[in-house]
Protein chains: 2
Amino acid sequence: MDNTNRIIISRRTRPAKDALSREIIVKTAFELLAAEGLSGMSMRKIAKHLDTGASSLYVYVKNIQELYSYVVDYGLRDVILPEGRPNSWKSELVSLLNSYLNVLYTSPGVAELALTTIPIGPYSLAINEYILARLQAGGAQAKSAAWGADMLLLYVTSVAFEQSSREQKGMTLQSIRDSYQSLDAVKYPMLVRLNEEMFSGDEERFQWGLEVILQGILHNPK
Amino acid sequence: MDNTNRIIISRRTRPAKDALSREIIVKTAFELLAAEGLSGMSMRKIAKHLDTGASSLYVYVKNIQELYSYVVDYGLRDVILPEGRPNSWKSELVSLLNSYLNVLYTSPGVAELALTTIPIGPYSLAINEYILARLQAGGAQAKSAAWGADMLLLYVTSVAFEQSSREQKGMTLQSIRDSYQSLDAVKYPMLVRLNEEMFSGDEERFQWGLEVILQGILHNPK
DNA sequence: ACCTGAACACCGTTCAAGT
DNA sequence: ACCTGAACACCGTTCAAGT
């Protein structure tokens, strides 16, 4: 179709509204994410909630990836950083990581974004900084602290993400467990025998995982 | 628009082709995934490669989520399971996990799917089974083995995923590092001081991570 | 500077019709 | 049983036009 010289007339049906802001966009996006998951947080849906069109958002945000990174950070604003006394580094670190997990659990979807987005916002940075300081207080050397902080965050985030992606797809733990239970015991003896253990724990399992990584960090100086 | 009683006439322009198969669909999907990443693997693009329409695929696959789970498993077919001698459980386990990482590195995108898909295909099961058996050979009790296998897989998968999602978004390690380097040293002293360590290693770092988890598992019996 | 509506190039999935 | 094309209900992003 050749419409090089078609005549375009005004398509406006209402006057322009008050200016938006990045803040209000991020807040709206986060609320949609928390309420409806990642698919509820599209540019078009955010815009609709703000009573505007999707194209209006591009003044405040380069693209949806950039918006994601703002939203993750906004989602981490409630993570609690304990006071920071040097002699209780471990309990404080564990308590921070529990708070982080809690925040991700209460707004699943943030976990997914946290996993796919490089954290450069202020809240993410503060959490990272805090972990590094606690590990150093616990005696970890530079490399162990740096690599260990990464491992701890990766662990917590992926635990939260696994859970959220499971419930998002409507898979119950029981249904997955059932499919493992019905496996051929000759081909997969361990999977059948350890079926119960593989799906046990939760709270307890997460604490154990933290312990595993922390012990491992301190026993493997770098 | 009310088109309850519109007349539909034939829309066919060519005769039906030979039957597809789930195998050929999964193979084609995997090739697109390996070559172009997750966004290259849409139902429509797979169909186009098979010279048909997207709707034809739904005879062999319930929805795209189900296809994902087949594709992940297909992508894991080249992971090498070492022989399995009881006295070298650790080196064999490490070697399997390296092979797993390698496979994910050579077809990024599989890592993303592996993280978001419950693994129930034969290759995934065989890998899981193998890890459980090696951990047990190394002296881990039932719960430690079950939870530890999960941790190891989660670790390797998320390491691969982080890398693939980074390069997919065109972020170089250097650019991320630069943004950390320019942080306020008063607010984030550790992040600035440990800048080098946080982005160092790779191969070495991954091996260290495996060691951390393995040590942690054996030191935290459950 | 920023809001607006249309347009472009995509998605996954369903369904009546045809073989 | 399974292929086909159209349709539905979505996407992210760009752009000319308007204020």
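Each chain gets a letter, A, B and so on, in the order its sequence line appears, and its residues count up from 1.
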message: Could you check whether A:Glu66 pairs with A:Arg22 (Lys NZ or Arg NE/NH1/NH2 to Asp/Glu carboxylate O, under 4.0 Å)?
response: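 Looking at A:Arg22 together with A:Glu66, the answer is yes, because their closest N to O distance falls below 4.0 Å.
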Salt-bridge contact A:Glu31-A:Lys27 (side-chain N to carboxylate O under 4.0 Å):
yes
Just how far, in rounded Å, is [atom2] of [N] from [atom1] of [X]?
X: A:Glu66; N: D:dG12; atom1: CD; atom2: C1'; result: 14 Å
X: A:Met43; N: C:dA7; atom1: CE; atom2: C1'; result: 17 Å
X: B:Asn63; N: C:dC11; atom1: CG; atom2: P; result: 17 Å

- Query: Can a side chain N or O of A:Thr52 be found less than 4.0 Å away from OP1 or OP2 on C:dT4?
  - Reply: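 Looking at the OP1 and OP2 atoms of C:dT4, one of them is under 4.0 Å from a side-chain N or O of A:Thr52.
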OP1 or OP2 of D:dC11 sitting under 4.0 Å from any side-chain N/O of A:Lys45?
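Answer yes for this pair, as a side-chain N or O of A:Lys45 is under 4.0 Å from OP1 or OP2.
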Remember a base hit wins even if backbone is also touched, and classify A:Tyr58 as base, sugar-phosphate or nothing at under 4.0 Å, heavy atoms.
base
The reported gap from CG in A:Asp150 to CD1 in A:Ile213 (rounded to nearest 0.5 angstrom) is 10.5 Å
Does anything in residues 23-64 of chain B form a ring-ring contact (aromatic ring centres under 6.0 Å, His included)? List the pairs, not counting sequence neighbours.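 Checked against ring-ring contact (aromatic ring centres under 6.0 Å, His included) - neighbours excluded - the pairs reaching residues 23-64 of chain B are B:Phe30-B:Tyr74.
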Side chains of A:Asp202 and A:Gln163: do they bring a donor and an acceptor to under 3.5 Å? no
* Between the base of D:dG12 and the side chain of A:Ser42, is there any donor-acceptor pair under 3.5 Å? ->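 Looking at the base of D:dG12, it does not pair with any donor or acceptor on the side chain of A:Ser42 (distance under 3.5 Å).
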Quick check for you: among [options], whose closest atom lies nearest to any side-chain atom of [X]?
X: A:Ala54; options: D:dT13, C:dT13, D:dT4; result: D:dT13
X: A:Arg44; options: C:dA7, C:dT4, C:dT14; result: C:dA7
X: A:Ile64; options: D:dG12, D:dC3, C:dT14; result: D:dG12
X: A:Tyr60; options: C:dA6, C:dT13, C:dC2; result: C:dC2

Subject >> Distance between C1' atoms of C:dC2 and D:dA17 (Å, rounded) >> reply: 13 Å
Using the P atoms only, state how far D:dC10 lies from C:dA9, rounded to an integer number of Å.
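The same atom, P, in both gives a distance of 22 Å.
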Checking N1-N3 plus N6-O4 or O6-N4 for Watson-Crick, or N1-O2 and O6-N3 for wobble, each under 3.5 Å, the partner of C:dA9 is none
